[in-house]
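Note on naming: letters A, B, ... go to the chains in the order of the sequence lines (proteins, then strands), and numbering restarts at 1 for each one. When reading the values below, keep in mind they use all heavy atoms of this one structure, side chains included, and skip hydrogens, waters and symmetry mates.
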Amino acid sequence: MFSALIYSFLFLSAHVFSIHAQEFFQEQLTLRPHRDGTVLGHFAFTTLLKSATPREPETIRIEDTSQHYTLFPLALGQVLREYAITELHLSLNAGKWSYDRWGYPEEDGVGTGAELWAWMAEGPGASVDERWRGLRSNLAGLFCASLGSMDEQRTTSPSLTFLPEGDLPGPSTPYQLRHGTLPSENVCTENLTPFLKLLPCKSLSGIASLLNPHRLFDADWHGMGIHVRYVENAGVEVRLTFQGVFDPVRYSTDGKRDWSLHSIFDRTIQKTCPVARHSKIRLISTTDAVDVSPAPNTFNAAFSVYDVNTVSKPLDISMQWSNESHFEYPLSLDSPPPTHISVRRTLKGTEQSRGQLAIVIENHQDKQIKASYLETMPWLLQFHLNSIQVKWNSAPRDDLMSIVSYIPPVPHSRPTLLQSVLTLPPNGTMDLTIDVTKPFLRYTEHPPDAQRGWDLPPAVFRPLIIANDSNLRRLPRIYTPILLVDLATPDFSMPYNVIIMSCTLIALIFGSVFNLLTRKFVLTKIPNEPPQ
Amino acid sequence: MSNTLGMYRTVKRLGIPDSNIILMLADDTACNPRNKFPGCVYSNAARNLDLYGDNIEVDYRGYEVTVENFIRVLTGRVDPSVPRSKRLLTDDRSNIFVYMTGHGGNEFLKFQDNEEISAFDIADAFEQMWQKRRYNEILFMIDTCQANGMYSKFYSPNILATGSSEVGQNSYSYENDNDIGVAVIDSFTHHILQFMEGIDKTSQKTMQDLFDVFDPVKIHSTPGVRSDLFHRPLSQTLVTDFFGGVSQAEVFLPLIDTKTSMPPNGLDSKQPRAQDDPQDDAVDDDSGVFPSIRGSYDADLLALSSGKISLSSQDGMPARGARAWTSIALVGALVVWVGIRTRAKR
């Protein structure tokens with residue numbers, strides 16, 4: 001009787017909430033073979049909380065409405081509601097994304113290490129910085145990452161490059177961006193574990209069952225991401241992504257680049273995730289002659305699609321280059337290059353006090369491109385803006401760079417923010433150099449492995465407008481590899497040496513002076529010994 | 001590193017959830033590019049047990065593993081923004097197991113090769129915890145060179161301590177993995193884990209049984225045990241008191257019996273406990289002959305624990321209450337550099 005009551009109550013409440021907020025979950029895996037024999041695997045798990053809106057910061061001081069989700073990750077939902085986050089992007093990556101070999105990634109955020117950025121509405125309840133601090137430490141706890149150390153010394157607001165990907169509700173509400181990077185953060189199983197726990201089917205069924213940590217973290221490049229955005233007329237959308245560049249040639253015994261899901265992930269798809277509305281695997285077509293098995297459900301020139309919900313299990317997609325006995329690495333890069341621009345950034349100079357940051361940007365297009373250029377440099381490296389030199393094909397052209405905003409660093413507390421727009425004429429190379437100073441750090445500011453140096457965050461480029469092109473596509477951001485700077489490192493035993501040395505000196509001086517002061521010197525006459 | 005992960009695996013296997021474990025790892029061994037086996041840390045050179053596994057949560061890692069953070073976790077003096085997973089949320093009914101390993105010396109243990117924690121720091125932190133009622137009992141275990149010096153300064157009650165080697169002695173690793181080029185696990189920890197592998201949640205093995213397996217010849221050092229602060233006899237302290245999250249089945253006399261036979265103070269101490277679980281009411285209308293059983297537990301556990309518990313219900317609650325409601329937290333600690341595992345120096 002009692003249990004019957006409980007069941008009816010549960011049923012009723014579930015029914016009520018399903019009216020309140022509909023939730024849709026879909027999953028997709030994109031597989032893209034590259035010319036160098038690698039395969040990009042991109043997992044995207046999207047949960048849409050229909051007709052939900054982000055919490056307004058005005059209500060942050062009053063009790064929040066209770067949250068009941070069936071598919072939407074509650075642990076993440078609580079953080080979003082607690083700090084009234086409108087849009088959130090967290091990425092944890094390891095390795096160096098090679099744009100020249102692999103082209104644009106499926107997800108923009110490929111900067112090495114951790115990157116977190118969030119758009120928050122301003123409100124009277126709690127300041128944006130307080131909420132940012134809370135968000136950081138809560139995500140750090142949720143994802144087992146050291147995001148708590150992404151403090152004010154690493155937080156900027158680069159609103160030119162990091163535009164919101166969704167909509168910001170309220171036409172008159174002011175919004176603020178907070179962005180932080182931790183380039184030395186590493187990614188491992190402990191980050192993937194909480195990630196999988198946010199999925200409705202965990203890693204037990206559906207596409208997520210391919211997420212095998214032992215293979216994912218063996219990839220040439222891998223990264224995970226959490227993206228939350230609000231889409232008007234749709235709701236709040238959470239997208240959990242995992243990208244990896246896998247190298248089947250390395251795994252194969254006969255040096256061929258044939259691959260299958262089993263050879264890459266060491267697993268196949270056995271079951272479907274029953275709550276997934278769509279569960280698809282997209283296989284990007286290549287120009288080579290390849291055998292693909294099993295036959296896809298739908299097929300077009302760009303890609304073939306497998307519907308995991310209907311296809312027979314176990315599903316093990318494989319791709320074989322049957323007329324190729326041995327894979328040979330391409331000697332040249334793609335032409336034309338797969339990205340609009342390519343960027344190299346280096347730190348020159350061997351001194352521990354000065355250096356030069358050099359950036360080489362190539363425009364591969366026949367058209368003029370504008371690109372935003374962003375540096376969010378910790379105060380460990382300080383720019384001399386007056387020394388900026390811009391050369392186009394080796395000829396000085398200072399007019400090609402316009403600085404939009406510059407916030408100078410404050411040592412020990414605030415990073416530099418340099419936002420600028422570069423104009424890149426067709427087909428050519430821009431050389432940009434800035435002189436930099438390396439400051440001295442306090443004794444206690446050095447990390448435990450101080451001799452290793454400091455990782456500097458990547459510079460971010462974003463091609464803005466393509467001239468003579470009627471449809472202005474949103475182009476992905478381009479991250480440079482991170483840099484390592486060698487700062488003047490003290491001899492950490494020095495204080496102890498000084499203490500020991502000065503103590504010794506004091507003891508010596510004090511001892512002898514004390515001795516001189518307290519000892520009485522008297523003349524004594526030694527009587528002559530009488531001769532025996 | 002595999003020392004700490006071995007302990008982590010053991011306590012997790014014995015039923016302590018990740019939320020009650022605080023794991024501190026100073027190194028990213030598993031996913032470091034120099035690791036030939038990505039995402040894996042093996043417990044021995046034969047590589048048949050991957051300690052890192054598919055399901056691990058590391059609470060403090062990398063530069064976050066500092067002496068300051070460690071003391072803050074113990075004493076609970078953390079910043080308000082620190083998330084729950086990074087806090088030691090214990091009270092005076094919690095048993096805590098603290099395991100530390102790394103490079104140590106006489107009365108100190110190195111963190112990250114640049115700072116160290118001294119025996120006095122830990123002793124004072126434990127005293128602070130005692131005064132704040134943050135623990136019921138502590139098992140402190142340390143595997144370093146000259147480890148026994150670390151617990152020599154404790155002065156707070158209810159602490160049981162054990163270490164791998166005497167002052168002046170080195171602690172040695174168990175074996176080398178020549179493919180990776182490092183020593184994989186330390187002798188002391190290896191032998192404890194060997195013992196723990198034979199234990200499950202229902203085990204009635206006591207701490208005395210654990211300490212009896214210490215063999216200075218096999219371990220190559222002289223392990224020590226300090227039990228003068230501990231109030232219970234070791235032969236009556238179950239290993240699962242510290243290593244396992246054992247949910248106890250409680251068997252108590254039907255209410256009618258209790259009212260008539262138990263003295264009033266016994267009744268008082270029972271009353272609030274009976275109200276903890278609303279399901280009681282549903283079960284209690286059984287006939288008064290059989291003891292009613294709270295909760296749903298597997299039969300083995302029930303059979304084993306019922307005898308013991310009916311015994312202890314006569315002589316008062318504290319020992320049992322502590323056991324039944326203990327959430328055991330592990331502060332696994334530390335690990336210094338992967339490459340340097342041999343303890344031959346110092």
Asker: Looking at every heavy atom in both A:Cys188 and B:Ala30, which two are closest together, and how far apart are they?
Answerer: SG-CB, 3.7 Å
Asker: Do the side chain of B:Ser81 and the main chain of A:Ser137 share a donor and acceptor less than 3.5 angstrom apart?
Answerer: no
Asker: In terms of heavy-atom proximity below 4.5 Å to chain A, should B:Asp50 be classed as side chain, backbone, both, or neither?
Answerer: side chain
Asker: Heavy-atom pairs under 4.5 Å with chain B are the metric here; pick the option from A:Val187, A:Asn191, A:Leu139 that has the most.
Answerer: A:Asn191
Asker: Counting heavy-atom pairs under 4.5 Å with chain B, which one of A:Ala145, A:Ala140, A:Pro194 comes out on top?
Answerer: A:Ala145
Asker: Below 4.5 Å from any heavy atom of chain B, which atoms of A:Ser149 appear? Answer side chain, backbone, both or neither.
Answerer: neither
Asker: Report which part of A:Glu185 has an atom under 4.5 Å of a heavy atom belonging to chain B: side chain, backbone, both, or neither.
Answerer: side chain
Asker: Non-hydrogen atoms of chain A under 4.5 Å away: do they reach the side chain of B:Asn32, the backbone, both or neither?
Answerer: neither
Asker: Check whether any side-chain heavy atom of A:Lys197 sits under 4.5 Å from a side-chain heavy atom of B:Asn55, and report yes or no.
Answerer: yes
Asker: Around atom CZ of B:Phe120, are there more than 12 heavy atoms from other residues, nucleotides or ligands closer than 6.0 Å?
Answerer: no
Asker: Please report the closest heavy-atom contact between A:Phe217 and B:Pro38, naming both atoms and the distance.
Answerer: O-CB, 3.6 Å
Asker: Take B:Cys40 and A:His214 through the side-chain contact (heavy atoms from CB on, under 4.5 Å) test and state the conclusion after the steps.
Answerer: CA-CA 7 Å; B:Cys40 299; A:His214 297 100; 3.0 Å; yes
Asker: Pick one of side chain, backbone, both or neither for A:Ala450, based on which atoms fall under 4.5 Å of a heavy atom in chain B.
Answerer: neither
Asker: Measuring heavy-atom distances to chain A, does B:Glu57 have an atom under 4.5 Å in its side chain, in its backbone, in both, or in neither?
Answerer: both
Asker: Counting only heavy atoms not in A:Tyr496, do more than 12 fall under 6.0 Å of its OH?
Answerer: no
Asker: So, for B:Cys31 and A:Thr189, which heavy atoms are closest and what is the spacing to 0.1 Å?
Answerer: SG-N, 4.1 Å
Asker: Please say whether more than 12 non-hydrogen atoms of neighbouring residues, nucleotides or ligands are located less than 6.0 Å from NZ in A:Lys271.
Answerer: no
Asker: Return the CG to CD1 distance between A:Leu192 and B:Ile56, rounded to the nearest 0.5 Å.
Answerer: 12.0 Å
Asker: Would you name the heavy atoms of A:Thr193 and B:Asp54 that are closest together and state the gap between them?
Answerer: OG1-O, 3.7 Å
Asker: Would one find more than 12 heavy atoms of other residues, nucleotides or ligands at under 6.0 Å from atom CZ of B:Arg77?
Answerer: no
Asker: If you tally heavy-atom pairs under 4.5 Å against chain A, which of B:Pro33, B:Gly53, B:Pro80 wins?
Answerer: B:Gly53
Asker: How many angstroms lie between NZ in B:Lys86 and CG in A:Asn138, if you round to the nearest 0.5 Å?
Answerer: 10.5 Å
